[in-house]
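Just so we're clear, the structure is a prediction, and the values are computed from it rather than from any experiment.
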Amino acid sequence: MRYWLMKSEPDEASIDHLAEAPHHTLPWTGVRNYQARNFMRDTMQVGDGVLFYHSSCPEPGIAGIAAVASTPYPDPTQFDRKSPYYDPKSDHETPRWTLVDVVFKQKIALIPLATLREHPELADMRVLAKGNRLSITPVTEAEWRFITKHLA
DNA sequence: GCCAACGTTGGC
DNA sequence: GCCAACGTTGGC
């Protein structure tokens, strides 16, 4: 059992979209960064905990709790010429981009980025590291416990 | 809109 | 393999 923080732009896929999706589940499409892909492809397991983070928006922060809901499979948007995530260099025989499904667990009062930075217990969170741009980052069990018990 | 930080591309 | 140029991320 591992824990993750996954960023999403709420204009595209917010915690509310996830809650209202069929089976409360969405495929995590559009990741086009190898490190983030590798986390989904190689390390994530069904049931892993997910902090659902809203980024590139007026109030960035953790907006809810979710969980990994599938084993990895090819991201269909890489083959869709009409998708902004279309990748002409990928092909069906050796798909370049892999994703997992994510299932809604609960919505929480938004924990703003500034609040996360206030707590020394969270000082080493990958997502708070200077210059971090990774859309998927590991969360330690201690960080997960602190956030879900004291901030959520 | 600005800009720091980082990842990717491609010429050599 | 190096590295400059370019594109993207994402907070502010």
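Here C:dT9 presents its C1' atom at 17 Å from OH of A:Tyr34, a figure rounded to the nearest Å. Rounded to an integer number of Å, the gap from NZ of A:Lys130 to P of B:dC3 is 16 Å. Regarding A:His54, its NE2 atom lies at a distance of 17 Å from the P atom of C:dT9, rounded to whole Å. Atom CZ in A:Arg133 sits about 12 Å away from atom P in B:dA5, given to the nearest Å. Taking atom CG of residue A:Leu113 and atom C1' of nucleotide C:dT9, one finds them 14 Å apart after rounding to whole Å. As a whole-Å value, the separation of A:Leu116 CG from C:dG11 P is 11 Å. Rounded to whole Å, the distance from CG on A:Asn132 to P on B:dA4 is 18 Å. Computed from coordinates, the A:Lys7 NZ to B:dC6 C1' distance equals 11 Å when rounded to whole Å.
Between A:Arg32 and A:Asp75 a salt bridge is recorded (basic side-chain N to carboxylate O distance below 4.0 Å).
Within a 6.0 Å sphere centred on CD of A:Gln106, heavy atoms belonging to other residues, nucleotides or ligands number more than 12.
Taking every side-chain heavy atom of A:Tyr53 into account, C:dG11 is the closest of C:dG11, B:dT9, B:dG7. Among the nucleotides C:dG11, B:dT9, B:dA5, the one closest to the side chain of A:Lys89 is B:dT9.
Within the 6.0 Å centre-distance limit, the rings of A:Trp97 and A:Tyr34 are counted as a close aromatic pair.
No donor-acceptor pair under 3.5 Å is formed between the side chain of A:Thr137 and the backbone N or O of A:Arg126.
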